[in-house]
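Quick notes on the structure that follows.
Everything quoted here is computed from the prediction, not taken from an experiment. Atoms considered below: every heavy atom in the structure, side chains included; atoms not considered: hydrogens, waters and symmetry mates.
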Amino acid sequence: METYFKELDTQLFFFVNHQLANVVFDYLCPLLRNKFTWIPFYVAATVYIFIKFSYKAFWLIGASALTVLLADQISSSFIKPFFERLRPCNEPMIRAQVRLLVKCGIGYSFVSSHAANHFGLAALFIFFFKKKYLTLALLFWASSIAFAQVYVGVHYPFDVLVGGAIGFAIGSLLAWSIQLLSIKA
């Protein structure tokens, strides 16, 4: 069963990394996964949160930081060392075939911390803002970053799917905890 999932994951990886290859994605995907690309978004979101929630914004900003901290540490410090799955760009059997558009990195692949972090934030913000258009935009944002991880050659699809699910669970749990504590913004 494990072999089946690895083979399926590798096939899906090559579909995204090769079959979907085009000049637009070649330009966009490295940008989407670059943490510096999102600084203006994070600044704008922070300003918006302070305008919308006033002094209660500190709870949401704190919850955002805690979401990223937990998602990142759980994925990077616990799950990746446990599974020790090589990134596709470091996997000896396939690395020569990988279209690598960014630096490969030396860390493990399973699970994607990028996906965990961004889906965690998306879940937290979805809970607090409760706007359908914003829900769709946040899910598209997190999904785009996760997709880019596969497209540029540094993660398998299951890495980003499971990472996204873990992050979404963490963000949802923190949002639920804040509501339970009656600190809801």
If you round to the nearest 0.5 Å, how far is [atom2] of [Y] from [atom1] of [X]?
X	Y	atom1	atom2	value
C89	H155	SG	NE2	8.5 Å
L31	L101	CG	CG	11.0 Å
L139	F119	CG	CZ	6.5 Å
Q73	L66	CD	CG	11.5 Å
L136	S143	CG	OG	10.5 Å

Worked verdict on F13 versus E91 for side-chain contact (heavy atoms from CB on, under 4.5 Å): CA-CA 13 Å; F13 168 77; E91 179 63 53; over 6 Å; no
May I ask you to check whether over 12 heavy atoms, not counting those of F41, lie within 6.0 Å of atom CZ? yes
Are more than 12 heavy atoms from other residues, nucleotides or ligands located less than 6.0 Å from atom OH of Y42?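 Result for OH/Y42: enclosed.
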Would you find a donor on one side and an acceptor on the other, under 3.5 Å apart, between the side chain of [X] and the backbone of [Y]?
X	Y	value
K52	I49	no
R85	S109	no
D159	S112	no
H18	F14	no
D9	F158	yes
D72	V68	no
S172	A123	no

How about [X] and [Y]: do any of their side-chain heavy atoms sit closer than 4.5 Å?
X	Y	answer
I145	N117	no
H118	S144	no
N17	L100	no

Answer yes if [X] and [Y] sit in the same cluster of Ile, Leu, Val, Met, Phe, Trp and Tyr residues linked by side chain heavy atoms under 4.5 Å apart, and no otherwise.
X	Y	answer
L86	L161	no
L32	V150	no
I106	I94	no
Y133	L121	yes
L8	V16	no

On a heavy-atom basis, which atom in [X] and which in [Y] lie closest, and how many Å separate them?
X	Y	result
V160	A115	O-CB, 3.5 Å
C104	R87	O-CD, 3.3 Å
P88	G153	CG-O, 3.8 Å
F128	I178	CZ-CG2, 3.8 Å
G171	T67	CA-CG2, 4.0 Å
R95	N90	NH1-O, 3.4 Å

Test the R33-F147 pair against the cation-pi criterion, namely NZ or CZ under 6.0 angstrom from the six-membered ring centroid and within 45° of the ring axis.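 Geometry flag: not set, cation outside 6.0 Å or 45°.
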Charged tip of K130 within 45° of F127 ring normal and under 6.0 Å: yes
For I126 and F168, run side-chain contact (heavy atoms from CB on, under 4.5 Å): C-alpha distance rounded to whole Å, both residues' side-chain angles, the deciding distance at 0.1 Å, then the answer. CA-CA 10 Å; I126 286 167; F168 200 88; 4.3 Å; yes
Using the rule given for side-chain contact (heavy atoms from CB on, under 4.5 Å), can you reason through L60 versus L124, listing the C-alpha separation, both sets of side-chain angles and the distance that settles it, and then say yes or no? CA-CA 8 Å; L60 187 51; L124 188 72; 4.0 Å; yes
Ring center gap for Y48 and F129 short of 6.0 angstrom: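 Yes, close enough.
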Does the side-chain contact (heavy atoms from CB on, under 4.5 Å) test come out yes or no for I74 and I79, once each step is laid out? CA-CA 6 Å; I74 289 170; I79 298 173; 3.9 Å; yes
